[in-house]
Every structure is written in C-alpha cells, then in structure tokens.
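Shown next, in structure tokens, is the structure this report addresses.
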Amino acid sequence: MYGIIATWRMAKEGVELADQMLKNGEVSGKAIEAAIKAVEDFPYYKSVGYGGLPNEEQIVELDAGYMDGDTMSVGALGAIKDFANPISIAKKLSEEKVNNVLVGAGAEKYAREMKFEEKEMLTDRAKAFYRKRKKELDKELKPYDGHDTVGMVCLDTAGTVTAATSTSGLFMKRSGRVGDSPIVGSGFYADSQVGGATATGLGEDLMKGCISYEIVRLMVEGLTPQAACEKAVTDLDRKLREKRGEAGDLSVVAMNCKGEFGCATNIGGFSFSVATKDQEPVVYLVTREEDGHCSFREADQEWLEEYMRVRMAPVEES
Ligand code: SD4
C-alpha cells in the first residue's frame, strides 16, 4: 500500500505529484517533501511559502516541521525568513544528531550554511493584502483570520510513514510568533508502526491538546483514523470550551500504516486532498455534524474552479 493525505484543497497538485512518485516506488520522505514544496512554490496560496502573508511588521516568517516515522527523527524551523523551501530545511534538520529545532536568525544561518535557496518571500500580492488588512484593522477586525497550513502524512510501499507541515502562520501575527506547525506532536506526528496525523487551525489552541500525537495514540489503542480524528477534535474542542469559554479552529487529517485515512474539524469549510494505491487523487469537502461526527464528499468541478478563481482574483484595495 502507499498513500498521502494533506490538509486543504491547496495540496491537490502536490498530492498528485507525490502519488506518481509513490507509485514509482519513491520513498515517503522524498515524496512528502516534493508535495509540500509544490505548495510552498505556488504564489497564489497566501498561507504557505512564497506569497504567504506577512506578520504585523510586513515580514514573512515561516514555520515548518518534518518527522520520519521509522526513526522518530524530527526537524523543525520557526519564524525563518527569506528562504524558498522551509520544508527542505526542516527535513535536513531531522538528519542532525542534535540541534533539530531552530528558530529565527539561527535557522537562517543554518540554511545559508547548507546552501538552501534564498528568496524574498513577500510578493506584491501579499503586500496588497497587508495594506488592505491594515485599513480593516483600523475598523477593528480581528487579525487572526485567514490562514491555511499545509500538513501531510505519507506512507510508502516499504511501510515508512512521514509527516510534515509548512506555513506562514497567522496573518498579522507578532514578530517571532511560532504556531503549532513546527511543534512535534501538535502540528504533526508519525510512527511507521501506526500511522501519522497533522493539524491546521489556531496553533495556540491545537498545541494545548498535542493533537497530532493524540490522534496517533488513539490509533495505537485501535481506533480507525476517522474515529481517532473525531475523538481528538471533539475532546479538545469540548475541553477548550469548558475551561476557556471558546475554542479556536481545529482541523486534522490522519492516515494509518494500512493507508486508511480520516479527518475531523470543528469548523465549516474544511477540505483535504488524498491519494492512495486504491484511490485516485481527490479533494474532499468535510461536513461536521452536531455530535462531532464528520463526513466528507468529493468536491465537484464547479467548486474546484471557484476555489482557484477566488485564489487568483485581483486584490481589491479600494
Ligand atoms: C498556526 N496552525 O500558525 C497554523 C495556522 C494554520 O490553518 O494552520 N492555519 O497557528
């Protein structure tokens, strides 16, 4: 068996690419890296890599994480700027004995030494969104809307499970703010004997439940990926509401070592992309019921076209 699952529609092209690679016998780590790079490089996705929206100082600071489920090796980056592919740097860090998690200037120094591609990641389009949002903020809109992290779990024919994330985090975040995406166990987790999981949403809340680890742990207990995702999201959502009066956006996907997959969310509008040996690449739209059960249906052509149209529409600044 082989397969790859990823948060959001934006991962579709990357998932298609990885699917081909896996079909040809490529290893999980290479396939997931290529898939995430495809999202990082696409300028119209404004929450990952090139074209990602900046922090409050109009600087694009990126987070990324990578885990190899054979060895438990982890590499991660927080708040790195001016590098094209944070995922590749995170993966490289996972090969180091120590110093696996680097942030800010230290991460940039490492990436420079390792000769990763340097790139100005702030696009004119992202600047226009920034100017627009600045004006809206004067009218007291909350800064924390608008985000979509790409997170993936990948299984290859040899049975290796990897998990990885990449994000520009929350739009208008504070300089130096790090979300859940580079935090192992929160943004991502992989164990080749079990499976993997990854999360997207409000990092500050996802972290409180170590949600990716929790999903993998529930799969160890025998839950299917779908049941594990639903239980993890429902339990964390309830706990946050009980203890804090509200819960941020929590959305997750998971795949086990048999290539079975699942998803869950506490919001409307969550989508994910998936492909396996038995399943052509597809985008699913997730619906959440009152009781926390989540179902999904294939996105139709109209939805897919509208998605791209909105992503590529000119930024109305007025
Ligand atoms: C973060 N979890 O930085 C990320 C943002 C995200 O969908 O996933 N948004 O908190």
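Atoms within each ligand, like the ligands themselves, are counted from 1 in listed order. We count residues from 1, following the sequence as given.
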Ion pair [X]/[Y], N-O distance below 4.0 Å:
X: Glu40; Y: Lys37; result: no
X: Lys239; Y: Asp235; result: no
X: Glu306; Y: Arg309; result: yes

Any N/O pair [X]/ligand 1 closer than 3.5 Å:
X: Asp180; value: yes
X: Arg177; value: yes
X: Gly201; value: yes
X: Gly203; value: yes

Subset of ligand 1 atoms that lie under 4.0 Å from at least one heavy atom of [X]:
X: Thr149; answer: 2 (N), 4 (C), 5 (C), 6 (C), 7 (O), 8 (O), 9 (N)
X: Gly179; answer: 3 (O)
X: Asp148; answer: 7 (O), 9 (N)
X: Thr200; answer: 6 (C), 7 (O), 8 (O), 9 (N)

Strictly by ring pair (Phe, Tyr, Trp, His ring centres under 6.0 Å), give each pair with a member in residues 206-235 just once, sequence neighbours left out. Tyr189-Tyr213
With sequence neighbours left out, the residues meeting ring-ring contact (aromatic ring centres under 6.0 Å, His included) with Tyr45 are Phe42
Please test Thr198 against Val253 for side-chain contact (heavy atoms from CB on, under 4.5 Å), starting from the C-alpha separation and ending with a verdict. CA-CA 6 Å; Thr198 184; Val253 295; 3.5 Å; yes
